[in-house]
Amino acid sequence: MNVFAHVEERIKSALAALQARGELPADLAIGGIDVEPTRDPAHGDVASNVAMVLAKAARAKPREIADKLAAELRSEATFIKVAVAGPGFLNVTLAPSMWQGVVTSILKEGDAYGRSTLGRGEPINVEYVSANPTGPMHVGHCRGAVFGDALANLLAFAGYDVTREYYINDAGAQVDVLARSAYLRYREALGEDIGEIPEGLYPGDYLKPVGQGLAMAFGRSLLGKPEAEWLPDVRQVAIGDMLVQIREDLAALNIRHDVFFSERSLTNGNRDEVAVTIDELRAKGLVYEGRLEKPKGHDVDEWEDREQTLFKATEFGDDVDRALLKSDGSYTYFASDMAYHHNKLARGFKHLINVFGADHSGYIKRMKAAVAALSDGKADLDIKVCQLVRLLRAGEPVKMSKRAGTFVTLREVVDEVGRDPVRFMMLYRKNDATLDFDLAKVIEQSKDNAVFYVQYAHARAQSVFRNVRETFSDLDVMGVEVAAADVSMLTDPSELDLVKRLALFPRLVEGAAAAHEPHRLAFYLNDLAASFHSLWSRGNESPHLRFIQPSDRKVTTARLALMRSCAQVVTSGLGILGVHAPSEMR
RNA sequence: GCGCCCAUAGCUCAGCUGGAUAGAGCGUCGGCCUCCGGAGCCGAAGGUCAGAGGUUCGAAUCCUCUUGGGCGCGCCA
């Protein structure tokens with residue numbers, strides 16, 4: 001049961017009643033109504049702005065409408081107080097049974113509590129990570145990976161049919177560099193002294209095993225041949241090895257993708273999907289041969305003013321038209337990416353989400369333009385940009401240089417601080433704000449650290465479940481006696497405070513899913529844990545508020561029900577974030 | 001030069017797509033362990049929401065400008 005939905009429903013039927021009696025215009029457009037928790041308990045439990053929103057269209061004063069609605073709603077049995085306040089807020093105080101009933105429904109729904117039909121089962125494609133397959137994942141990839149994964153979880157929880165996708169950039173010049181670098185390691189594996197790795201090739205040691213693997217597979221057969229003969233084979237092996245490693249890195253973070261989509265596959269088979277896409281755009285009159293102006297204020301060496309094949313991105317809000325072919329006639333990355341999105345649309349996705357790193361933010365407009373053009377405006381693309389992560393250790397920046405091979409890998413970070421803290425901290429911030437990630441602080445188990453704070457709440461609840469067996473040996477915490485507990489015994493303000501927080505969960509899930517903002521969940525869980533810990537401490541001061549009351553089985557059962565529903569929401573919420581809810585912290 | 005993102009308490013950040021008196025954590029100061037886990041709880045101090053206009057019943061939130069930071073700027077990916 002969603003209490004906010006319940007109130008909204010009652011308000012709407014009250015409006016209908018007023019319209020039926022002619023007290024409000026019959027053709028009044030009902031929209032934009034908010035039903036939200038009050039910030040101040042003095043305003044009751046739930047507040048709505050109905051009257052203010054409808055005032056103009058109804059040509060009446062907000063307070064007048066609110067008064068009429070209030071009169072109508074006072075007969076509602078689940079409302080114990082309906083008041084009009086301020087500029088025209090409708091403040092509703094609910095009967096305690098409404099709140100207590102939340103506990104019962106959480107236990108009834110179990111891990112389905114909070115799930116939503118917002119997505120109506122519609123397919124949605126979330127593309128994230130998509131790191132170049134030229135090396136192990138480094139910390140820079142970490143945030144986008146965790147964000148995309150949590151967002152995908154959240155959307156699935158909110159009723160979407162989610163496909164998690166990784167775009168493999170295996171067709172450009174970078175993978176050729178990878179192949180050359182691997183070939184060098186191959187020669188090294190066969191005993192040759194390769195000396196310093198030349199400028200422009202990847203120096204990392206991670207390619208040594210690739211070289212050894214090539215030596216095993218090909219023996220000396222690739223030696224002394226021209227590059228054109230060995231490069232495709234070496235490239236394929238190297239990319240394959242890199243992808244294996246990337247999947248392992250992702251698995252360490254509990255991340256998995258449904259589809260790994262190869263850029264090369266767009267042009268590999270009988271059908272050149274890039275050409276098809278460009279033809280389609282040409283048929284729409286969106287492709288032309290032309291010249292671009294040299295960008296101002298930015299040093300572009302060797303600018304060559306030449307005619308090229310361009311996509312009319314400016315017709316869809318981009319700043320300039322974008323090139324589809326390079327000077328050597330091959331496709332630009334953007335052309336391939338358009339074909340890739342054309343492919344997504346062809347697979348039936350009308351909702352697309354791409355997770356980008358901050359360094360790709362300049363790419364947003366052209367990508368949105370591409371999807372708008374390809375789908376004739378019928379599909380939506382949301383691009384979530386994850387800002388940079390500053391890696392610190394005890395306040396000092398960790399120095400990284402990709403050239404010197406001293407960049408910190410994702411695996412190193414996960415191994416050092418653990419999966420749960422990494423995931424939670426990456427999500428405990430808006431995606432478009434920069435993030436300081438301090439390796440020393442993240443493992444401190446204190447309130448500084450929201451992960452442990454939230455997990456601790458769950459562990460404490462589990463601890464009570466263990467302890468209760470000593471008092472009521474025949475009481476099964478997970479059984480029907482608790483599920484059917486008399487929740488009307490939950491009357492203490494701090495108990496109701498926790499219940500109200502639990503009641504917020506479904507509403508929060510919908511808001512976070514609609515906004516594509518999983519971080520809201522992390523903050524919610526922190527607040528929920530605070531309510532829980534507060535209630536717990538009340539028991540330290542007032543023994544009659546402890547969960548286990550040896551002399552009162554009914555009260556104990558009711559409180560166990562509350563604990564169980566809280567543990568359920570913590571588990572569900574952390575689950576969406578991909579964080580484990582432990583039964584003990586020791 | 002242009003585009004995008006950011007600016008909220010001493011510090012790190014929320015603020016539920018425009019709601020009522022702007023909230024947490026850390027830090028500072030003061031309290032709470034004979035019993036369900038003190039990795040916790042309770043309280044106090046701390047604000048020109050960068051600045052100036054505008055939109056309206058109502059703005060930290062939306063629009064314009066200014067200031068100060070970050071990222072990016074034909075054929076790289």
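Labels below follow one simple rule: chain letters A, B, ... track the order of the sequence lines, proteins then strands, and each chain is numbered from 1. Computed from a predicted structure; not experimentally measured.
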Measure from the side-chain heavy atoms of [X] and tell me the nearest of [options].
X: A323(A); options: G37(B), G74(B), G72(B); result: G74(B)
X: P295(A); options: C36(B), C73(B), G37(B); result: C73(B)
X: M585(A); options: G38(B), G19(B), G37(B); result: G37(B)
X: A515(A); options: G40(B), U17(B), A77(B); result: U17(B)
X: S534(A); options: C6(B), C42(B), C36(B); result: C42(B)
X: F547(A); options: A77(B), C16(B), C36(B); result: C36(B)
X: A173(A); options: A77(B), C5(B), C36(B); result: A77(B)
X: Y456(A); options: C4(B), G38(B), A77(B); result: G38(B)
X: E263(A); options: G37(B), A77(B), C36(B); result: A77(B)

(request) Applying ring-ring contact (aromatic ring centres under 6.0 Å, His included) between Y340(A) and each of F334(A), F261(A), Y331(A), Y333(A), report the one that passes. (result) F261(A)
(message) Name the residue from Y524(A), F523(A), F437(A), Y453(A) that meets the ring-ring contact (aromatic ring centres under 6.0 Å, His included) definition with Y428(A).
(response) F523(A)
Give a yes/no answer on whether the side chain of [X] brings an N or O atom under 4.0 Å of OP1 or OP2 in [N].
X: H519(A); N: G15(B); result: yes
X: K326(A); N: C76(B); result: yes
X: S361(A); N: C4(B); result: no
X: Y453(A); N: C41(B); result: yes
X: S537(A); N: G38(B); result: no
X: R460(A); N: G38(B); result: yes
X: N467(A); N: G37(B); result: yes

(message) Both R520(A) and Y333(A) contact RNA chain B. Which one's nearest nucleotide lies toward the 5' end?
(response) R520(A)
(request) Could you say whether I548(A) or K56(A) is positioned toward the 5' end of RNA chain B, judged by the nucleotide with the nearest heavy atom to each? (result) I548(A)
(request) To the nearest Å, give me how far apart NZ (K312(A)) and C1' (G74(B)) are. (result) 19 Å
(message) Measure CZ/R546(A) against P/C33(B) and give the value in whole Å, please.
(response) 12 Å
(request) For Q549(A) and K554(A), indicate whether the former's side chain and the latter's backbone hold a donor-acceptor pair under 3.5 Å. (result) no
Identify whether the distance between the nearest side-chain nitrogen and carboxylate oxygen of [X] and [Y] falls below 4.0 Å.
X: D492(A); Y: R538(A); value: yes
X: E495(A); Y: R559(A); value: yes
X: K294(A); Y: D305(A); value: no
X: D337(A); Y: R322(A); value: no
X: D436(A); Y: R390(A); value: yes
X: R63(A); Y: D67(A); value: no

(request) For the residue pair Y167(A) and N354(A), confirm or rule out a side-chain donor-acceptor distance under 3.5 Å. (result) no
(message) Is it true that E127(A) and S130(A) share a donor-acceptor pair across their side chains at a distance under 3.5 Å?
(response) yes
(message) Need one value for E584(A): base, sugar-phosphate or nothing, where a base atom within 4.0 Å counts as base even if backbone is also close, heavy atoms only.
(response) base
(message) Within the 4.0 Å heavy-atom criterion, would you say A47(A) contacts the bases, only the backbone, or no part of the nucleic acid?
(response) base
(request) Return one dot-bracket line describing RNA chain B 5' to 3' (Watson-Crick or G-U wobble pairs, both distances under 3.5 Å; ( ) same strand, [ ] crossing, | another strand, . none). (result) (((((.(..((((.....[...)))).(((((.......))))).....(((((..]....)))))).)))))....
(message) Between C2(B) and U66(B), how far apart are the two P atoms, rounded to whole Å?
(response) 9 Å
N/O-N/O pairs, protein side and nucleotides 58-62 of chain B side, under 3.5 Å:
none

Could you write out each protein N or O paired with an N or O of nucleotides 9-13 of chain B at a distance under 3.5 Å?
from: U12(B); atom 1: O2'; to: R429(A); atom 2: NH1; distance (Å): 3.4
from: C13(B); atom 1: OP1; to: R429(A); atom 2: NH1; distance (Å): 3.4
from: C13(B); atom 1: O5'; to: R429(A); atom 2: NH1; distance (Å): 2.7

(request) Determine the interplanar angle of the H360(A) and Y363(A) rings, folded into 0 to 90°, and report it as parallel if under 30°, tilted if 30 to 60°, perpendicular if over 60°. (result) perpendicular
(request) Kindly label the base of C33(B) as syn or anti, based on whether its glycosidic torsion lies within 90° of 0. (result) syn
